Participant: 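I have a structure here, written as structure tokens, and I will follow up with some questions on it.
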Amino acid sequence: MTIISIRPFLAVAVSLLAALLILTLGNKVKPNVREGITLSAAVIKAALVFSMVPAVLSGSEYYFCLWEIVDGIEFAFRTDAAGMIFACVASGLWIVTSIYSIGYMRGHHEKNQTGYFAAFAVCLSSAIGISFAANLVTFFIFYEMLTVATYPLVAHYRDDKAKASGRKYLAYTLISGQLFFAAIVAVYAIYGTCDFKAGGFIEPGSVSMGIMLLLFFLMIGGGAVKAGVMPLHGWLPSAMVAPTPVSALLHAVAVVKAGAFCVLRVVCYVFGPSAVSWCGADRILAWFAVTTILLSSFIAMRKDNLKARLAFSTIGQLSYIVLGISVLAPYSIAGAMFHIVAHAFLKITLFMCAGAIFVTTHLSEISTMGGLAKRMPVTCACFGLASLGIAGLPLLAGFVSKFNIIRGALLMGKPLFAAVLVAAALLAISYLIPVVRIFFGKADEAGDCECTASGHAADVCGGHGDATPAMLIPIVITAAVSLILGIMPDAGLHLYDLAVMAADAITGGGAIV
Amino acid sequence: MISYMINHIPVLIVIVPLCGAVLCPAISHFSPSAGKRTVIGALLAAFCMSIIQLASVIKAGEAFHYWLGGWQPPYGIEFVIDGVNGIIIVLVSFIGFMTALFSSPFEEADKEAPFRSAGYYSILCFLVIGLLGLSSTGDAFNLYVFMEIVALSGYGLIAIGEKKGPIAAFRYLLTGTIGASAYLLGVGLLYSATGTLNMADLAIRLREVDNMPVIVMAMACLIVGFGIKMALFPLHGWQPAAHSYAHPAADPMIAGVMIKIPAYAMFRFFFCIFDSSLPMMKTIFTIIGIMAVLGILFGSLKALRYDKFNKILAYSSIGQVGYIALGFSIGNFYGIAGAVLHILSHAFMKTGLFYTSAAFKYRYGIHYTDQLGQVYRKMPVTCGALVVLSLSMTGLPPFAGFFSKWYLALGAIQNGQYLYVAVLIISSLLSAIYFFRIFERLFMGEKTVTEPESDAHEGTAPGLEVPLRMLIPIGFAALMVIALGLGNSFIVNGILKTTVMGVL
């Protein structure tokens, strides 16, 4: 059943409005008022999104059409199960990230906070727009908005390094975006529609195999760049120069997940499993994902900078989602969608921990963090919990999704992919658990020297206490949610049910052979 | 009386500003500000009338013919208003009015007084009149007359600009005259073959002409004529200098609108007059397409090389005019819709960007982008508009530039012209490079701008970055780019579909 309601649009518009308010008032009002706007927009947005969950769970869809955006295509929003998952994650985590941002930006005395919070709000608006977009054109509009709004966040520090990362980010995303654009135009010209449809609207054999492959990869390129599938991942590690909440946003909530979601939309809602497997694109995509998973784990092991290690871990984890989608089995698609949720909570916990450590102690290299747990027990405990979750240990959120992806791969008769996923889990243990061990180990000499040398001896090594509450509370919340989702995947918003629903709709309830 | 006025609106739109332009010097003799207000008022009146005219054309659903002096065509001159030029007339009069408003702070700040003595408002108004007539007329020779009015007033506005203005004006004078002569020659050839100058009549009589060489020759002349006037590659030689050295207040009109209207006139000739189904038209369109493709690439690449803001914008215009020509060469509905939409959206984008450029000049005397360091702190609204306009130029959604690109690409793919799509994409990416470079300087430049000795700008109210009379046009340009983007289907479906489909 379709419910005509303005709610999906309001959920998009509220943060856009907040961004406008922040930009116009930002420097004229007190920071507390400015952050009040951000937080209230975040809460309203989350409430709007969450309020739509029950109806979507019962099989209805909210639909809202503004007007024709181009001749023959509507500017329309539709809340299907898949979109609902991404929207819930993005809007829920925006609240958490906002609180954390306030703590971080103030704790770190950042400049240009007005522009920062405004760009953040636009990013979230785009993320919700991406998840609710009913057709490719609407989707693309928000996708490009996300690209542009993220740029000032990446280049936040405005020094040469930030500028270079910003340029790199734009080069990757704009080029892939333009190719995506060309593919959308071509698909519309050939098929006369752009509306997302579970199971896809492209018939196998409707164009020659070569052309379909070309269209598929032009389109998927847009998603793959943001999802950091190798070899298109180059922008992601360099975007690490941004403030940590931005990294959390980029790598957990908005940008990379939008990329993964784009892959989902293109594979399952535009081309559809049958057309994708007809032209063989699923196998090519799966191999790219497998390579990325393995390579990124090896690179992550060698990184000493905590954020860089997490960035490569993100690249690997995102390819789990891509792999899950390209296996094309109902279980693995559901698993991939649930991994959007699981990874979001886990990775945001890790990044917020990294940021809290940096603001509190000014440490960014892993080798200098020996014995940190004595000073920051809660932060380190949450970090440890989330690390185990990333590795896919049972009772944590990451397990549910990975288990489903593996189950799907095995049912589809692709044991090799299952093996890769298991191997990758072990690799994840090998690059994240050592960090935890260092935290809980003894303070080593090198670390102390580093502290003294950096001139913060008095307030760093001698300082006491964990991170400020504004940073600590979000960390604890996300860590707790990842634990709860691991034990009861269906708790709260029934995101696992939504994932299964979406996967059923896409595959028609059966495995595709 | 009212209905009488409404019947005469097509000509009043030209006549009222004409009266303003002629009266302005006389009134200025007694009171300069009253002279200025006459022009601004006349342009505002033209704008209001153009909206009424557009509304009634849309309501009627067919073209409106106005016979000057009651003389019937093919002997008399007629104005023909359909959906396409109806909306273009709204655009011209709106931007004309805005630019007149925008100019006045410059006039007040003008110490050396070439501005006042040259009868600036009068010339600007003549430029608008020329453009209005150019879009309205249904007579090939009358079009030439208006074209010359545009050119002559253009020479004046360019010459009173910066130090190199007179040279740029002279260069434009030489090239522009060649263009006008080429056009005249083309029309002459058509006249020799058909014996008529009325466009509708020409269209009918040309169907019976067998003398193909004459028609081909005429087409070549017309392409050269319009090509020069719209600065289509490789006939663009006059344009970069003219656009970068013209008077900053008039530059938005010159750069934003003056080169677009000949493009519209070209559309009229090649789709409304010539039979676009003729086999040789395919060759003609291919030639225009090649010029467009080369122009797009050349303009975008060339713009990368400059630091001077106006130069970047000028070269980017060569590329953007290429978009319009590309749409015509695609020649199906979506191609033409994209081209017309791009005439509108690029007019607002380029005008707006030149407004911002003039605002930087006015406030800080900045000409080069590398002097823009952190200027956004001082001029937030101007810079916000600059960002919107530039993103639209780059073709990013949800701004107007994206949607014209969408239609162009859709038209090209429907015709199987995949190369054109590739060119559109490359051009977008190239313009992303030069616009994001400007952003970097604007927001991240290390050297911050310094306040100039502030004696020249008493016009700025305290708390405002530039006078309100400049801020409003800047803001409107940005808003229009957003509105045109989001509302493009109203124009394409509501206005262009009936007219363009009728032509095809």
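Proteins come first, then strands; the chains are lettered A, B, ... in the order of their sequence lines, and each starts at number 1. Keep in mind it's a predicted model, so treat the numbers as computed, not measured.
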Participant: Applying side-chain contact (heavy atoms from CB on, under 4.5 Å), run through B:L486 and A:I69 and close with a yes or a no.
Facilitator: CA-CA 6 Å; B:L486 293 175; A:I69 187 71; 4.1 Å; yes

Participant: Looking only at heavy atoms, which of residues 387-402 of chain B get nearer than 4.5 Å to chain A?
Facilitator: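 B:L391, B:G395, B:L396, B:P397, B:P398, B:F402, listed by number.
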
Participant: Take a 6.0 Å sphere around CZ of B:F476 and say whether it holds more than 12 heavy atoms from other residues, nucleotides or ligands.
Facilitator: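 Atom CZ in B:F476 is not crowded, with 12 or fewer foreign heavy atoms closer than 6.0 Å.
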
Participant: Which heavy-atom pair separates A:D71 from B:S489 by the least distance, and what is that distance?
Facilitator: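 Of all heavy-atom pairs spanning A:D71 and B:S489, the closest is N-CB, 4.3 Å.
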
Participant: Within residues 403-413 of chain B, which positions have a heavy-atom distance to chain A below 4.5 Å?
Facilitator: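 Residues of residues 403-413 of chain B touching chain A at under 4.5 Å: B:F403, B:K405, B:W406, B:Y407, B:A409, B:L410, B:I413.
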
Participant: Taking side-chain contact (heavy atoms from CB on, under 4.5 Å) as the definition, give me every residue that meets it alongside B:L294, ordered by chain and number, with sequence neighbours left out.
Facilitator: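 In terms of side-chain contact (heavy atoms from CB on, under 4.5 Å), with neighbours along the sequence ignored, B:L294 is linked to B:F233, B:I290.
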
Participant: Does any backbone or side-chain atom of A:F140 lie under 4.5 Å from a heavy atom of chain B? Answer side chain, backbone, both or neither.
Facilitator: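 Its backbone and side chain both get close to chain B.
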
Participant: To the nearest 0.5 Å, how far apart are CG in B:N493 and CD in A:E68?
Facilitator: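 Here the rounded value is 5.0 Å.
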
Participant: At a 4.5 Å cut-off on heavy atoms, which part of A:A171 comes close to chain B: side chain, backbone, both, or neither?
Facilitator: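 Interface part for A:A171: neither.
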
Participant: Does atom CZ of A:F217 have more than 12 heavy-atom neighbours, drawn from other residues, nucleotides or ligands, at distances under 6.0 Å?
Facilitator: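 Atom CZ in A:F217 is packed in, count exceeds 12.
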
Participant: To the closest 0.5 Å, what do you measure between CG (A:L170) and CD (B:E440)?
Facilitator: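 Result: 8.5 Å between the selected atoms.
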
Participant: Does A:V207 have any side-chain contact (heavy atoms from CB on, under 4.5 Å) partners at least two apart in sequence or in another chain, and if so, which?
Facilitator: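 Once residues adjacent in sequence are excluded, the partners of A:V207 under the side-chain contact (heavy atoms from CB on, under 4.5 Å) criterion are A:I190, A:Y191, A:I211, A:M212.
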
Participant: Drop me the distance from B:S431's OG to A:L174's CG, to the nearest 0.5 angstrom.
Facilitator: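 Rounded to the nearest 0.5 Å, the OG-CG separation comes to 9.5 Å.
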
Participant: Is the shortest side-chain heavy-atom distance between A:V185 and B:V421 below 4.5 Å?
Facilitator: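 The answer is no, as the side chains (C-beta and beyond) never meet within the 4.5 Å cut-off.
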
Participant: Do side-chain atoms of A:W67 reach the backbone of B:F490 as a donor and acceptor pair under 3.5 angstrom?
Facilitator: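 No; zero donor-acceptor contacts below 3.5 Å.
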
Participant: Tell me, side chain or backbone of A:L66 under 4.5 Å from chain B's heavy atoms, or both, or neither?
Facilitator: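 For A:L66, no heavy atom lies under 4.5 Å from chain B.
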
Participant: Go through the atoms of A:F142 and report whether side chain, backbone, both or neither lie under 4.5 Å from a heavy atom of chain B.
Facilitator: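 A:F142 has no heavy atom closer than 4.5 Å to chain B.
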
